[in-house]
Amino acid sequence: MSDHYQFLVIGGGSAGYSGASTAAGLGLKTAVIDGGPEVGGLCILRGCMPSKTLLESGHRALAIREAHEFGLRADYRGPDGLAIRNRKRRLIGEFADYRRGQLTSGRFDFIRGRAQFIDANTVDVQLFDGGSRRITADAFLVATGSVIAGPKIEGLDESGYWDSDEALDSDTLPSSVCILGGGAIALECASY
Ligand SMILES: Cc1cc2nc3c(=O)[nH]c(=O)nc-3n(C[C@H](O)[C@H](O)[C@H](O)COP(=O)(O)OP(=O)(O)OC[C@H]3O[C@@H](n4cnc5c(N)ncnc54)[C@H](O)[C@@H]3O)c2cc1C
């Protein structure tokens, strides 16, 4: 693999993949460096996709609970948290496999490792399979995503709480829940 690219993307999530696809499509010599423990990015692994699988389970539970309104006899016997989580894991596994295929299809180079800038046109990459590489580029797309930031609320740490990663991967459902926040993710969790 070359050590100089016209376009170098740091981060192999949705933004990084999309940017690399566009650049490669325009004929630029492109690479993506991804340092996540799993390939797929937030949307597939812990964001959009898993939250929609849970929402769908919630929608279907509601339909069963309200079946009598529509002249249907149905007994709602509650959620099976383990089955809901297993379905979610299976589906995101399929999406992640698909994304892995897109990233390794050969349209651009895909490098597994953590990048850090040395100067405006150079990164050092700690490779996952050992060693390091120094890579230069004409232009960079920094698409390194985000990390969960626990809110600074007095007493919160002591009380114990779930963040969205934990809520999306739990195999149990609490009997009641208070959602802190009123953004899109909070509303999805509340709807579920
Ligand atoms: C519960 C939930 C539901 C959501 N639902 C939706 C939705 O319905 N619709 C929507 O549009 N958005 C949704 N989002 C938001 C969406 O998931 C994110 O905005 C999007 O996935 C961010 O993509 P990204 O490519 O910017 O970052 P990421 O997918 O986080 O990718 C960044 C990658 O860069 C890697 N990286 C970081 N630092 C380095 C480094 N130094 N070197 C190499 N690699 C590095 C990371 O490990 C990671 O693999 C949701 C988010 C959550 C949490």
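Please read these numbers as outputs of a predicted model, since none were measured by experiment. Atoms within each ligand, like the ligands themselves, are counted from 1 in listed order. Along the sequence shown, residues are numbered consecutively beginning with 1.
- Taking the charged nitrogens against the carboxylate oxygens, D169 and R46 have no contact shorter than 4.0 Å, which rules out a salt bridge.
- Side-chain atoms of R107 and S21 include a donor-acceptor pair closer than 3.5 Å.
- With values rounded to the nearest 0.5 angstrom, H4 atom NE2 is found 5.0 Å from T136 atom OG1.
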Between ligand 1 and the protein, tabulate every N or O atom pair separated by less than 3.5 Å, reporting distance only.
residue: ligand 1; atom: 8 (O); partner: K52; partner atom: NZ; Å: 2.7
residue: ligand 1; atom: 21 (O); partner: C43; partner atom: N; Å: 3.1
residue: ligand 1; atom: 25 (O); partner: S14; partner atom: N; Å: 3.1
residue: ligand 1; atom: 25 (O); partner: A15; partner atom: N; Å: 2.9
residue: ligand 1; atom: 29 (O); partner: L42; partner atom: N; Å: 2.7
residue: ligand 1; atom: 38 (N); partner: R114; partner atom: NH2; Å: 3.4
residue: ligand 1; atom: 41 (N); partner: A115; partner atom: O; Å: 3.0
residue: ligand 1; atom: 42 (N); partner: A115; partner atom: N; Å: 3.0
residue: ligand 1; atom: 44 (N); partner: G35; partner atom: N; Å: 2.9
residue: ligand 1; atom: 47 (O); partner: G36; partner atom: N; Å: 3.2
residue: ligand 1; atom: 49 (O); partner: D34; partner atom: OD1; Å: 2.8

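- Between D97 and F95 there is no side-chain heavy-atom pair separated by less than 4.5 Å.
- Partner D34 forms a salt bridge (Lys or Arg N to Asp or Glu O under 4.0 Å) with one of R100, R112, R99 and no other, that one being R112.
- Put simply, the side chain of E166 gets close to the backbone of D163: a donor and an acceptor are under 3.5 Å apart.
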